[in-house]
Amino acid sequence: ARRQIPVPVDRRPLPIKIADYEVEYGDVFRRADLSVTAGGYLLAEGPAYDPERNVLSWVDIKGCTLYRRDASGTVRATQVGQYLGAALPMENGEYLGVMTTGLYVIGEERLRLLCRPEELRDFQRANDAKADPCGRAWFGTMPLFSGPGMYGDLYCYDGKRCRRVLTGLGIPNGMAWSLDGKTMYFIDTLTRGVDAFDYDLRSGEIGNRRRVIGVEGLPDGMCIDRDGMLWVALWGSGCVGRFDPSNGRQLARVPVPAKNVSSCCFAGEHLERLVITTSGEGFADGLDGSLFIADVETCGAAGNGCFKPL
């Protein structure tokens with residue numbers, strides 16, 4: 001049986017440490033640390049960690065805002081005036097913002113348009129994004145409405161060319177690459193699973209799509225650890241699951257006191273902390289819409305996840 005997580009009834013100043021917290025490893029529950037470090041977001045998403053600057057970033061998609069927290073704990077917010085699906089760190093300290101109207105560089109004081117995909121439609125908004133091991137930006141668009149003729153797309157941008165790679169998708173979401181860079185993992189949420197592609201690092205081409213993980217619920221954002229295991233945010237299920245892509249088995253479950261878990265990433269000096277974003281839309285009380293940080297028994301895969309124009 002699933003164990004319930006105690007939810008603080010007061011709104012104490014952050015951070016809040018969740019008492020009596022446990023992570024589920026198969027049939028074994030082990031004590032761990034879970035804290036709430038930020039909250040009050042409509043749709044927190046896209047956590048990313050820049051190890052060179054020790055900066056953790058995330059977005060509030062519907063709040064149209066990029067947040068950055070430095071080593072001192074100081075959080076800076078940059079509003080961009082439109083839905084911000086994700087923001088990838090760049091080597092110069094700026095961010096590549098994936099927005100409703102295209103790709104922008106988010107600087108300290110201004111936005112600069114890089115490109116607008118020709119296939120971008122008015123019924124779509126930007127969603128998740130990740131940089132591949134060479135620094136290319138992969139990002140998805142999803143329909144704002146459900147119904148006939150509504151679809152999402154998956155794109156790749158290398159700094160010179162933006163190409164649509166997949167179309168006719170439901171909700172393109174999490175992405176990750178295997179430790180050797182030869183496999184790309186991808187989530188289309190409405191298919192309820194994780195697919196793998198053969199990946200050509202030199203060209204950025206994909207092929208040989210196959211299902212590697214099926215899940216109960218709706219998979220959302222994703223990251224990979226140093227052992228090659230995938231951590232998948234499970235929307236509507238209040239948790240992040242750790243999965244083995246070689247056999248599809250779920251190895252661990254990291255619950256949080258928020259229903260709609262949107263994404264996750266590893267952060268910290270040794271990539272030892274699992275950062276979890278959640279949605280607060282539709283919830284007036286509790287910790288929905290918070291940013292959680294959990295201690296888990298592994299670390300993230302090396303790599304800085306930065307967008308690097310080729």
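The structure presented is a predicted model; accordingly, all values stated were derived computationally and were not measured.
- Distance alone, capped at 3.5 Å, places no donor-acceptor pair between the Thr65 side chain and the Gln79 backbone.
- The aromatic ring centres of Phe307 and Tyr95 sit 6.0 Å or more apart.
- Counting only distance, with no hydrogens or angles, the side chain of Asn208 and the backbone of Asp198 share no donor-acceptor pair below 3.5 Å.
- Across Pro255 and Tyr21, no two heavy atoms sit closer than the pair O-OH, 2.8 Å.
- Residues Thr298 and Asp227 meet the side-chain proximity criterion, which asks for heavy atoms closer than 4.5 Å.
- By the rule that hydrophobic residues join a cluster once side-chain heavy atoms approach within less than 4.5 Å of another member, Leu96 and Ile106 end up as members of separate clusters.
- Residues Val232 and Val240 fail the side-chain proximity criterion, which asks for heavy atoms closer than 4.5 Å.
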Evaluate the side-chain hydrogen bond (donor to acceptor under 3.5 Å, both in side chains) criterion for residues Thr141 and Arg121: first the C-alpha distance (whole Å), next the side-chain angles of each, then the deciding distance (0.1 Å), finally the verdict. CA-CA 9 Å; Thr141 60; Arg121 297 293 178 257; over 6 Å; no
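- Considering only residues two or more places apart in sequence or on other chains, Val75 meets the side chain to side chain contact (heavy atoms under 4.5 Å, CB included) condition with Trp58, Tyr67, Arg69.
- Criterion: ILVMFWY side-chain heavy atoms under 4.5 Å apart, direct or through other members. Under it, Ile293 and Tyr41 are part of a common hydrophobic cluster.
- A single hydrophobic cluster is not seen to contain both Met175 and Ile224; linkage of ILVMFWY side chains at heavy-atom distances under 4.5 Å, directly or through other members, places them apart.
- The shortest heavy-atom contact between Asn54 and Ala71 is ND2-CB, 3.2 Å.
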Given the rule in the side-chain hydrogen bond (donor to acceptor under 3.5 Å, both in side chains) test, do Ser262 and Thr277 qualify, once you have shown the distances and angles that lead to the verdict? CA-CA 6 Å; Ser262 56; Thr277 53; 2.8 Å; yes
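- Residues Arg116 and Thr101 meet the side-chain proximity criterion, which asks for heavy atoms closer than 4.5 Å.
- Between Gly152 and Gln124, the closest heavy-atom pair is CA-NE2, 4.0 Å.
- The minimum heavy-atom distance between Asp200 and Arg202, with the atom names listed, is OD1-N, 2.9 Å.
- Considering all non-hydrogen atoms of both residues, Ala294 and Leu34 come closest at CB-CD1, 3.7 Å.
- Rounding to the nearest 0.5 Å gives a distance of 9.5 Å between SG of Cys115 and CG of Leu120.
- Side-chain contact between Phe139 and Cys156 is absent, with no heavy atoms from C-beta onward closer than 4.5 Å.
- Not one N or O on the side chain of Ser35 forms a donor-acceptor pair closer than 3.5 Å with the backbone of Pro15.
- Taking CZ of Arg211 as the reference point, atom CG of Asp195 lies at 4.5 Å (rounded to 0.5 Å).
- Electrostatic pairing of Asp153 and Arg164 counts as a salt bridge here, judged by a charged N lying under 4.0 Å from a carboxylate O.
- Checking side-chain atoms of Asn127 against main-chain N and O of Pro172 turns up a donor-acceptor pair under 3.5 Å.
- The side-chain heavy atoms of Leu66 and Arg68, taken from C-beta on, include a pair separated by under 4.5 Å.
- Minimum interatomic distance between Arg53 and Gly93 (heavy atoms only, all atoms of both residues): NH2-N, 3.3 Å.
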Intermediate values then yes/no, side chain to side chain contact (heavy atoms under 4.5 Å, CB included), Trp231 and Leu274: CA-CA 9 Å; Trp231 295 76; Leu274 184 68; 3.8 Å; yes
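- Using a 4.5 Å heavy-atom threshold, the side chains of Phe197 and Lys182 count as separate.
- Using a 4.0 Å cut-off between charged nitrogen and carboxylate oxygen, Glu205 and Arg163 count as a salt-bridge pair.
- Taken from NZ in Lys130 to SG in Cys265, the straight-line distance is 8.0 Å, to the nearest 0.5 Å.
- The backbone N or O of Leu43 sits nowhere less than 3.5 Å from a side-chain atom of Glu45 that would complete a donor-acceptor pair.
- The pair Asp20-Arg31 meets the salt-bridge criterion, since a charged nitrogen lies less than 4.0 angstrom from a carboxylate oxygen.
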Determine whether Val194 and Phe243 satisfy the following criterion, side chain to side chain contact (heavy atoms under 4.5 Å, CB included), listing intermediate values before the conclusion. CA-CA 10 Å; Val194 180; Phe243 295 86; over 6 Å; no
What verdict does the side chain to side chain contact (heavy atoms under 4.5 Å, CB included) test give for Tyr49 and Ser57, after you've listed the backbone C-alpha separation in whole Å, the side-chain angles of each residue and the deciding distance to 0.1 Å? CA-CA 6 Å; Tyr49 181 66; Ser57 62; over 6 Å; no
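- Under the 4.5 Å side-chain heavy-atom criterion for Ile, Leu, Val, Met, Phe, Trp and Tyr, Met184 and Leu166 are members of the same hydrophobic cluster.
- Judged by a 6.0 Å distance limit and a 45° cone about the ring axis, Arg30 is positioned over the six-membered ring of Tyr25.
- Looking at Asp158 and Arg136, no side-chain N of the basic residue comes within less than 4.0 Å of a carboxylate O on the acidic one, giving no salt bridge.
- At distances below 3.5 Å, at least one donor-acceptor pair connects side-chain atoms of Asp188 with backbone N or O atoms of Gly170.
- Proximity of a side-chain donor or acceptor of Ser178 to a complementary backbone N or O of Thr183 within less than 3.5 Å is detected.
- Separation of atoms CD (Glu272) and CD (Glu297) is listed at 14.0 Å; rounding is to 0.5 Å.
- A salt bridge links Arg273 with Asp295; the closest basic N to acidic carboxylate O contact falls under 4.0 Å.
- Put simply, the residue from Val275, Val36, Ile276, Thr278 that forms a side-chain contact (heavy atoms from CB on, under 4.5 Å) with Leu291 is Val275.
- Applying the 6.0 Å contact sphere to CG of Asn247 captures more than 12 heavy atoms from other residues, nucleotides or ligands.
- Looking only at side-chain heavy atoms (C-beta outward), Val254 and Cys239 stay at 4.5 Å or farther from each other.
- Between the CD atom in Glu281 and the CD1 atom in Ile61 there is a gap of 10.0 Å [rounded to 0.5 Å].
- Checking side-chain atoms of Gln250 against main-chain N and O of Ala252 turns up a donor-acceptor pair under 3.5 Å.
- Distance alone, capped at 3.5 Å, places no donor-acceptor pair between the Asp288 side chain and the Phe283 backbone.
- With ring centers used as reference points, Tyr199 lies under 6.0 Å from Trp177.
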Show the numbers, then the answer: is there a side chain to side chain contact (heavy atoms under 4.5 Å, CB included) between Tyr155 and Trp138? CA-CA 6 Å; Tyr155 295 87; Trp138 284 77; over 6 Å; no
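- In the hydrophobic clustering of this structure, Leu111 groups with Tyr83; members are Ile, Leu, Val, Met, Phe, Trp, Tyr whose side-chain heavy atoms approach within less than 4.5 Å, directly or through other members.
- Taking the charged nitrogens against the carboxylate oxygens, Arg161 and Glu118 have no contact shorter than 4.0 Å, which rules out a salt bridge.
- Dense packing is recorded around NZ of Lys308, with more than 12 heavy atoms of other residues, nucleotides or ligands lying under 6.0 Å away.
- With hydrogens and angles ignored, the 3.5 Å screen pairs a side-chain donor or acceptor of Thr189 with a backbone N or O of Pro219.
- The closest side-chain heavy-atom distance from Pro143 to Tyr151 is not below 4.5 Å.
- For the atom pair OH of Tyr185 and CE of Met222, the computed distance is 9.0 Å after rounding to the nearest 0.5 Å.
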